Amino acid sequence: MTPPRSSALRSAEPTIMGTAYGVVLCVMLLVIALQTAILPASVWQGDEYDYFANIREHGLAFLSDRLLHWSPRPFSEIIIFVYGTVANAAQKPLAWIFLALTWLFCAAVAFVPFLRQSHAPVSARLLIVVSVAAIFMLGHPSADFFYWPMGTVAHLPVLAAACGLTLLKISQILSARAEALLLSLALTSSEAGVFFGMLWLGMRGFGLLHNRRTAAFGRARWLLLPTAVGLCVSAEMLLNHRMGGGGFPFTPTHGHIKASLAAAFGPFLKTLIALQPNEMSSGGGFTKQAMASGLVLKIILTGAFTTLFMTCGIRPALRTLIAPAIALAGTMYLTIAAAFYAFGFLCCQRHEAFRLDLSVLLVLLLSAGLSTILSEKLKRFSDAPKRETRLQICALTGLLLFAGWTMRWRLPDLSLALAGLPLEETAHNRVWASGLSAGTDMTYAQGTASPAFYYWHWEPGTYHAGGTGWEVQSAMRYFGKTTLHVLPPISLLALPANP
């Protein structure tokens with residue numbers, strides 16, 4: 001007969017496990033804090049200068065022209081229009097403030113409904129939310145995705161909506177109203193959101209027709225909203241030839257649908273497996289190291305979330321995971337094909353980061369399914385308390401391994417970015433002081449060369465209005481200058497000593 005455990009031991013175990021949860025939570029929060037700390041280094045690119053100059057010159061007429069004839073992105077276009085109007089009035093870029101507000105909005109969309117409604121213990125809910133948020137920032141370059149205003153406002157809301165839908169779905173608490181609102185946000189944010197939303201709605205429609213239950217049709221009335229939105233945005237995207245692009249006609253895929261769909265298959269499979277710490281915005285592919293490390297890391301992540309879900313009661317019916325998985329995987333595939341069709345190659349960093357983060361959501365779905373299967377198999381065994389403790393240890397260890405491994409990639413860039421923040425502030429101030437000064441000449445001082453937040457360096461030199469350089473021409477137009485002197489970026493890397 002097993003002797004009863006002492007009261008001291010029973011009280012000590014929760015304290016030890018609670019401390020372990022707290023340590024992992026702090027590690028994930030540290031990752032997010034480090035990424036947040038470099039927000040002040042965010043800068044405008046040529047798009048902002050051009051867009052905001054048009055806002056100043058044409059006002060609402062420019063917004064309506066964008067919405068009707070160019071961009072099927074009602075939500076993101078309206079938000080960036082408001083931001084540009086405020087920045088023009090303040091005569092300051094306000095980039096990091098806008099990005100911080102965008103981050104907060106997207107975090108609320110992705111995580112608040114799950115935090116409020118999930119039946120999991122509070123500690124598990126917090127750990128899941130903070131871990132997912134940190135993982136979205138790891139395993140790939142994120143400058144274009146998290147630190148560029150026009151790129152962030154178009155793509156981060158789609159990821160937030162997809163994350164919110166995934167967490168609510170695996171927790172079996174997704175209401176028809178929340179589903180409709182989250183899908184509408186995705187559909188109105190970017191073309192990737194249109195792919196995701198229409199695939200999700202298509203799978204939901206197929207499921208409703210298959211079940212043919214009156215109650216299910218009644219609850220689905222909320223879906224009429226995103227369906228109408230999705231049809232309108234899709235029609236605009238097709239009628240305006242939004243995916244026609246201006247890429248490179250000499251590539252085999254540019255402007256060819258079948259060739260683009262065929263070419264997308266290989267990169268799609270690699271994206272499912274890999275994580276990539278290197279810059280890929282110029283059309284490069286995944287390295288063998290990225291494939292190998294990505295496979296190991298995603299297996300670790302799957303094991304971590306599977307054991308975490310098992311301990312906190314996330315065990316959805318397997319059939320409910322099929323539609324979200326198809327929507328996420330289909331979006332990854334179609335965005336790859338769209339890049340081949342529009343550009344002729346895989347562009348750009350934000351698209352790659354977006355797809356890799358969608359693969360993390362697929363990991364969550366897989367983990368939820370494994371949690372259901374394994375929990376059923378383990379019911380027959382006794383000694384549940386010890387098993388739960390082991391599962392918690394596995395989950396926490398896996399999350400720490402993933403964060404530690406991927407932070408090895410990110411930490412050098414983050415260190416450079418943090419060290420260069422004063423230089424970035426000086427460079428930003430010089431640009432705006434020079435741009436707002438009297439005269440027709442201005443100097444464009446570039447910040448540091450850390451790729452953590454900034455990779456579109458402008459070619460140093462002197463430029464004149466009407467000449468080359470689209471980004472430079474946009475900046476001159478915005479500030480009303482005719483000559484612009486671009487200074488080289490500042491390097492914080494130590495030069496090798498002379499022999």
Side-chain angles (χ1 to χ4, degrees), residues 42-106 147-158 184-191 193-194 228-229 232-246 350 428-429 431-440 442 444 456 463 465-467 469-484:
S42 306
V43 295
W44 287 4
Q45 298 295 339
D47 302 68
E48 282 84 1
Y49 289 117
D50 179 71
Y51 194 113
F52 298 166
N54 278 305
I55 291 176
R56 186 172 55 211
E57 294 170 13
H58 306 292
L60 287 172
F62 174 68
L63 174 62
S64 63
D65 182 71
R66 289 271 298 191
L67 290 173
L68 294 175
H69 303 296
W70 190 88
S71 178
R73 306 173 175 182
F75 174 80
S76 56
E77 285 291 329
I78 291 172
I79 296 301
I80 204 73
F81 179 86
V82 172
Y83 165 48
T85 302
V86 173
N88 286 344
Q91 293 191 321
K92 294 180 180 179
L94 307 174
W96 78 268
I97 297 175
F98 171 76
L99 286 168
L101 293 174
T102 303
W103 283 26
L104 287 172
F105 169 77
C106 291
Y147 300 98
W148 177 39
M150 291 197 71
T152 300
V153 78
H155 292 85
L156 195 58
V158 181
S184 297
L185 175 63
L187 287 161
T188 55
S189 292
S190 74
E191 294 83 354
V194 175
V229 170
C232 291
V233 175
S234 299
E236 182 190 357
M237 188 167 70
L238 294 173
L239 291 173
N240 291 328
H241 305 286
R242 179 65 185 93
M243 299 311 299
R350 58 191 176 278
H428 299 175
N429 292 337
V431 168
W432 280 77
S434 182
L436 297 175
S437 65
T440 59
M442 71 170 287
Y444 192 94
W456 281 348
Y463 298 81
W470 176 79
E471 296 92 347
V472 177
Q473 296 298 319
S474 298
M476 281 191 280
R477 178 189 172 199
Y478 183 83
F479 289 112
K481 305 297 184 181
T482 57
T483 302
L484 190 149

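Computed from a prediction, not measured in an experiment: that's the story for all the values here. Residue indices begin at 1 and follow the sequence shown.
- Partners of Tyr478 by side-chain hydrogen bond (donor to acceptor under 3.5 Å, both in side chains), not counting sequence neighbours, listed by chain and number: Asn88.
- Scanning for ring pair (Phe, Tyr, Trp, His ring centres under 6.0 Å) contacts around Trp96 gives an empty result, with sequence neighbours left out.
- Evaluation of the side-chain contact (heavy atoms from CB on, under 4.5 Å) rule for Leu60 yields Leu63, Phe81 as partners, not counting sequence neighbours.
- Rounding to the nearest 0.5 angstrom, the gap separating the CD1 atom in Ile55 from the CD atom in Glu48 is 10.5 Å.
- For the pair Glu191 (side chain) and Pro72 (backbone), a donor-acceptor distance under 3.5 Å is absent.
- Every side-chain contact (heavy atoms from CB on, under 4.5 Å) that Ala87 has, sequence neighbours left out, goes to Trp44, Tyr83.
- Distance OG/Ser434 to CG/Asn429: 12.0 Å, rounded to 0.5 Å.
- Phe98 and Ile79 make their closest contact through CE1-CG2, 3.8 Å (heavy atoms, listed as atom of the first residue, atom of the second, distance).
- With rounding to the nearest 0.5 angstrom, the CZ atom of Phe479 is 9.5 Å from the OG atom of Ser437.
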(message) Checking Trp470 against Asp50 for the side-chain contact (heavy atoms from CB on, under 4.5 Å) test, could you report, in this order, the C-alpha distance in whole Å, the side-chain angles of both residues, the deciding distance, and whether it holds?
(response) CA-CA 9 Å; Trp470 176 79; Asp50 179 71; 4.0 Å; yes
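- Qualifying side-chain hydrogen bond (donor to acceptor under 3.5 Å, both in side chains) partners for Gln91, counting only residues two or more places apart in sequence or in other chains: none.
- Looking only at distances, a side-chain donor or acceptor of Lys481 sits under 3.5 Å from a matching main-chain atom of Gly439.
- Heavy-atom minimum distance, Thr483 versus Met476: N-SD, 3.8 Å.
- To the nearest 0.5 angstrom, Thr482 atom OG1 is 10.0 Å from Leu484 atom CG.
- For Tyr51, the side-chain hydrogen bond (donor to acceptor under 3.5 Å, both in side chains) partners at least two apart in sequence or on another chain are Glu77.
- Judged by distance alone, the side chain of Thr152 and the main-chain N or O of Pro149 form no donor-acceptor pair under 3.5 Å.
- Across all non-hydrogen atoms, the minimal contact from Ser189 to Pro157 is OG-CB, 3.5 Å.
- For Thr188, the side-chain contact (heavy atoms from CB on, under 4.5 Å) test picks out Pro74, Phe75, Val229, with sequence neighbours left out.
- In this structure, OG on Ser76 lies 12.0 Å from CG on Leu156, to the nearest 0.5 angstrom.
- Shown here are the side-chain contact (heavy atoms from CB on, under 4.5 Å) partners of Ser190, two or more places apart in sequence or in another chain: Arg73, Ala154, His155, Val158, Ala192.
- With rounding to the nearest 0.5 angstrom, the CZ atom of Phe52 is 6.5 Å from the CE atom of Met150.
- Within the structure, salt bridge (Lys or Arg N to Asp or Glu O under 4.0 Å) contacts touching residues 91-100 (residues at least two apart or in different chains) do not occur.
- Contact check for Arg477 versus Asn54: side-chain heavy atoms found under the 4.5 Å cut-off.
- Residues Val194 and Leu187 share a closest heavy-atom pair of CG2-O, 3.6 Å.
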